[in-house]
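All chains are named by letter (A, B, ...) in the order of the sequence lines, taking the proteins before the strands, and each is independently numbered beginning at 1.
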Number of protein chains: 2
Amino acid sequence: MYTDLMSTSERLIESTRDLLWERGYVGTSPKAILERAGAGQGSMYHHFKGKPDLALAAIRRTAEQLRAAAERSLEGPGTPYERIEAYLRREREVLRGCPIGRLTMDPDVIASDELRAPVDETLARIGELLAGIVEEGQRQGQFAPELDAGRIGATILATVQGGYVLARAAGSPAAFDTAVDGLLALLAPRTA
Amino acid sequence: MYTDLMSTSERLIESTRDLLWERGYVGTSPKAILERAGAGQGSMYHHFKGKPDLALAAIRRTAEQLRAAAERSLEGPGTPYERIEAYLRREREVLRGCPIGRLTMDPDVIASDELRAPVDETLARIGELLAGIVEEGQRQGQFAPELDAGRIGATILATVQGGYVLARAAGSPAAFDTAVDGLLALLAPRTA
DNA sequence: GTCTATAAGTTGATAGAC
DNA sequence: GTCTATCAACTTATAGAC
């Protein structure tokens, strides 16, 4: 519940963010949003055109925060390998899943170019960041020069997204860590 | 639509399988199932206790088929690396997502131990198969002996599951292949 | 800006006829 | 076994009062 401090519009967006993460777009009803935000129907339809419009605002904000969190890990100190490890091992609420990645399993999100765009852009951006760091590592001799940095970036990102799937299936965050450990072993610098 | 040949009970299960794949558990209503199966309310509640019971039958069948498909690729001919490649490159309807993996993003599936069990067991089984093949490759000197086979198996499975996420986000199956290509490069046998 | 009232359609399930 | 009727609750949205 976001009943204090924030404006009604803010509370609606934050409530929607929570529910999209927890239940997805299809599983989130306006009623549930309004209850969590402590607002009435009128407020929602005053500030937003409807459920898709409110969801878009929520998704955009979540996408922006995820991108920023990824950049914090990836643009931190350390060698390329260390920065990739920092990204892979950064604190996550693994069993909640990726707040952006999970939206790709939402049929109504995928059916809407507008709702899908921030999801696509965010994952593409993180993939590019990862690819850039792999390239940097190649220039420093840390990674094999024959690797395609773009592909490795995609593999790293896929391992993270798939790690969430395995962890939720198993009901345990350890499954995420196992997949990450395997990837890090495969990426381990030649001169360790 | 499954209006011919099958029994009503079969048509209900097959319709549910389709819809669970397409829209997930939360996004699938009994009404939609009945329309697709060409059956009335009474048939569904005669053969099944309700939506969760019908979904369980559908999920179990899909899980079994996915396990069998994975085994066909992984227990085929070729070196360990070649069998892993065959599994990774086997024909998939990438943009539809993994019919089992996608269920992990369904809150009602994850909330039910009964519905989650076949999902967990299927992914665990495929992960074990992969780990076994990695071990075999290690014995043959194809993969580095210091790798933890269980972890690498998890990484391979995670890359596949994450590949679906990236492809659906991008709206293109190519994103799946890119992640797989990166993984295969990292797994490439020493004596290529 | 926010609220309640209202509405047409859907959800998931039960009852009972055939 | 299969069907339709019925049900209370929910979904998404509009109208209009305050």
d([atom1], [X]; [atom2], [N]) in whole Å:
X	N	atom1	atom2	answer
His46(B)	dA13(C)	NE2	C1'	17 Å
His47(B)	dT14(C)	NE2	P	16 Å
Leu34(B)	dG12(C)	CG	C1'	10 Å
Met44(B)	dT11(C)	CE	C1'	11 Å
Ile33(B)	dT11(C)	CD1	C1'	12 Å
Leu54(B)	dT11(C)	CG	C1'	15 Å

Is it true that Arg67(A) and Glu71(A) have a side-chain N and a carboxylate O under 4.0 angstrom from each other?
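So Arg67(A) pairs with Glu71(A) through a salt bridge.
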Are any of the side-chain nitrogens in Arg102(B) or Asp106(A) under 4.0 Å away from the carboxylate oxygens of its partner?
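Result for this pair is no, no salt bridge flagged.
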Quick check: on DNA chain D, is the nucleotide nearest Lys31(A) upstream (toward 5') of the one nearest Lys49(A), or the reverse? Name the residue that is more 5'.
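Comparing both residues, the 5'-ward one is Lys31(A).
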Find which nucleotide of DNA chain D each of Ser9(B) and Pro52(A) is nearest to by heavy atoms, and output the residue with the more 5' nucleotide.
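Of the two residues, Ser9(B) wins.
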Side chains of Arg17(B) and Thr62(B): any donor to acceptor distance under 3.5 Å?
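Yes, a side-chain donor-acceptor pair sits under 3.5 Å.
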Considering every strand and a 4.0 Å limit on heavy-atom distances, what is the contact class for Gly42(A): base, sugar-phosphate, or nothing?
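Here Gly42(A) touches the bases of the nucleic acid.
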With a 4.5 Å limit on heavy-atom distance, are the side chains of Arg83(B) and Ser73(B) in contact?
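They are not in side-chain contact.
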Provide the start and end nucleotides, 5' to 3', of the part of DNA chain D that has atoms under 4.0 Å from heavy atoms of chain A.
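Taking any atom under 4.0 Å from a heavy atom of chain A, the span is dC10(D) to dT14(D).
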Inter-residue atom distance Ile126(A).CD1 - Leu157(A).CG, 0.5 Å rounding:
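Separation between the atoms: 6.0 Å.
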Among all residues two or more places apart in sequence or in another chain, which pass the salt bridge (Lys or Arg N to Asp or Glu O under 4.0 Å) test with Arg92(B)?
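Counting only residues at least two positions away or on another chain, Arg92(B) forms no salt bridge (Lys or Arg N to Asp or Glu O under 4.0 Å).
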